[in-house]
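Comments concern the structure below.
Here is the naming used below: chain letters follow the sequence lines, and residue numbers restart at 1 for every chain.
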There are 2 protein chains.
Amino acid sequence: MECPKFAVSVDLVVLTVRDEALCALVVRRGVEPYRGAWALPGGFVLDDEGLEEAAARELAEETGIRPGSVHVEQLATYGSPGRDPRTRVVTVAYLALAPDLPVPAAGSDAADARWCPVEALLAGDELAFDHAAILRDGVERARSKLEYSPLGAAFCAEEFTVAELRRVYEIVWGARLDPRNFHRKVTKTEAFLEPTGATTTRDGGRPAQLFRRGSAEHLHPPLLRRTT
Amino acid sequence: MECPKFAVSVDLVVLTVRDEALCALVVRRGVEPYRGAWALPGGFVLDDEGLEEAAARELAEETGIRPGSVHVEQLATYGSPGRDPRTRVVTVAYLALAPDLPVPAAGSDAADARWCPVEALLAGDELAFDHAAILRDGVERARSKLEYSPLGAAFCAEEFTVAELRRVYEIVWGARLDPRNFHRKVTKTEAFLEPTGATTTRDGGRPAQLFRRGSAEHLHPPLLRRTT
DNA sequence: CCAAAAGTGTTCGTGCTACACCCATGT
DNA sequence: ACATGGGTGTAGCACGAACACTTTTGG
């Protein structure tokens with residue numbers, strides 16, 4: 001077929017909440033271009049490999065994250081002619097929301113990998129390619145997702161308390177929420193949380209019920225930021 | 001660089017409201033594969049051409065739509081290995097919301113182009129490639145957009161009445177809305193509508209005020225479908 | 001007992017729904 | 001006059017914000 005052919009890659013915005021901050025996974029580039037700079041994990045799509053499949057493979061390769069424990073969704077595609085100095089590369093970005101995991105193992109072409117607060121990454125100018133813009137879009141998507149879906153729980157461990165979930169919202173949104181109203185809201189919303197029956201005192205004070213992620217996909221009505 | 005290279009195309013889900021139905025623009029394929037079948041308008045991205053740029057070019061080529069009059073946004077990217085029988089093609093889908101326009105002129109490689117109700121397109125099995133899935137995603141995105149953004153007005157002519165805007169919502173959502181409450185909601189929402197000062201009696205009855213699209217990007221609070 | 005955090009009850013404001021009602025035009 | 005649709009007023013309800021208050025643990 002007579003048409004231009006481009007390299008196609010996937011890049012991952014992997015977000016988690018740790019140390020009271022929203023953090024993204026970044027890898028130190030071991031090869032040119034941008035050697036030594038931080039970049040989002042990612043790589044080229046292989047022949048006969050689907051996009052989602054490529055994203056899952058890269059996630060596993062560069063982070064050791066097992067697919068079942070994280071939420072992954074397509075974010076957007078970036079293909080400006082000049083975004084990669086080597087050649088034309090179109091990249092499909094994926095957004096992954098993960099619980100707080102140990103620092104991942106470095107992959108083959110990544111000299112180093114670490115969690116870094118998104119605030120620092122977006123304020124600085126250290127990210128390779130157009131990865132700062134991709135990260136910005138991913139963070140904005142994540143913030144919206146918390147409003148309209150129960151995906152805040154994707155940042156929590158398998159079993160978690162309402163207070164832990166609330167901390168996720170507060171950190172991602174950068175806003176304080178009333179603990180009592182938040183509790184009522186999330187426990188009353190059908191299929192948001194599934195009680196385990198167990199309790200924990202790890203947060204201090206009166207024992208808190210433990211929950212698992214429920215089966216709900218959407219939130220009706222949504223949990224809105226700022227009441228305007 | 002040692003990596004697979006793929007053809008990259010853009011496909012357009014161009015939606016409008018006409019004849020009391022949500023319609024999509026489809027073109028009759030003049031070449032193999034799927035010769036004679038309906039498909040979404042689209043084409044390959046050229047060297048040194050951005051994705052958004054390619055989408056705008058295809059929109060102009062195949063429909064004659066001038067860029068300023070429609071809303072265009074990226075929808076999603078589809079790249080399953082088998083989605084095009086010829087070779088590996090990754091397609092970036094764009095969603096365009098347009099007012100009711102005359103039937104567009106056929107483009108170079110499109111034997112015929114027409115508006116077709118999405119209901120019929122999704123019910124039948126006439127769309128080439130995975131375009132039915134892309135259209136379904138586009139329609140779902142459009143439905144959500146009406147809730148959280150003032151983009152319903154993108155389906156209206158430059159100047160429109162509140163009743164015309166309401167019909168758009170009713171047709172896209174497939175639900176009836178209370179005319180009085182809808183009127184209050186959209187006119188009270190800051191920057192949703194900009195009054196022109198003129199009136200029209202084209203809908204019959206008492207003259208209705210004419211409005212233009214306002215400058216708002218988002219709706220707070222949203223205009224929700226079903227009250228659960 | 002006290003501190004701390006979980007969880008409940010209650011009040012108040014706001015926004016949506018439903019519908020009664022009036023307004024301004026065409027025929 | 002009357003039909004038709006535009007537009008306003010208002011009562012009732014649902015839900016979120018704010019906060020007083022009770023519950024249950026650890027120290």
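- Closest approach of A:P117 and A:A21 over heavy atoms only: CB-CB, 4.4 Å.
- Protein atom CG of B:L219 is 14 Å distant from nucleotide atom C1' of C:dC16, rounded to whole Å.
- Note: CG (B:L210) to P (C:dT25) measures 14 Å, nearest angstrom.
- Computed from coordinates, the A:F160 CZ to C:dA5 P distance equals 20 Å when rounded to whole Å.
- Here the two rings, on A:F211 and A:F160, have centers that are 6.0 Å apart or farther.
- Rounded to whole angstrom, the span from the CD atom of A:E147 across to the P atom of D:dG16 amounts to 13 Å.
- Two rings, from A:Y148 and B:Y148, have their centers less than 6.0 Å apart.
- One interatomic measurement links the two molecules: CZ of B:R202 to P of C:dT25, which rounds to 16 Å at whole-angstrom precision.
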Quick one: do A:T161 and A:D203 satisfy side-chain hydrogen bond (donor to acceptor under 3.5 Å, both in side chains)? Show the steps, please.
-> CA-CA 9 Å; A:T161 67; A:D203 298 329; 3.1 Å; yes
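- Looking at A:T16 and A:D100, their side chains never bring a donor and an acceptor atom within 3.5 Å of each other.
- In the model, B:D137 has a side-chain atom that pairs as donor or acceptor with a side-chain atom of B:Y78 under 3.5 Å.
- Rounding to whole angstrom units, CZ of residue B:F182 and P of C:dG15 are separated by 18 Å.
- At whole-Å resolution of the value, CD in B:E170 and C1' in D:dG5 are 13 Å apart.
- For the pair B:K185 and C:dG15, the criterion of a side-chain N or O lying under 4.0 Å from OP1 or OP2 is not met.
- Between the OH atom of A:Y169 and the P atom of D:dG16 there is a distance of 13 Å, given to the nearest Å.
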In the 5'-to-3' direction, what one-character label does each nucleotide of nucleotides 6-14 of chain D receive under the scheme B = base within less than 4.0 Å of a protein heavy atom, S = sugar-phosphate only, - = no such atom?
-> BBBBB----
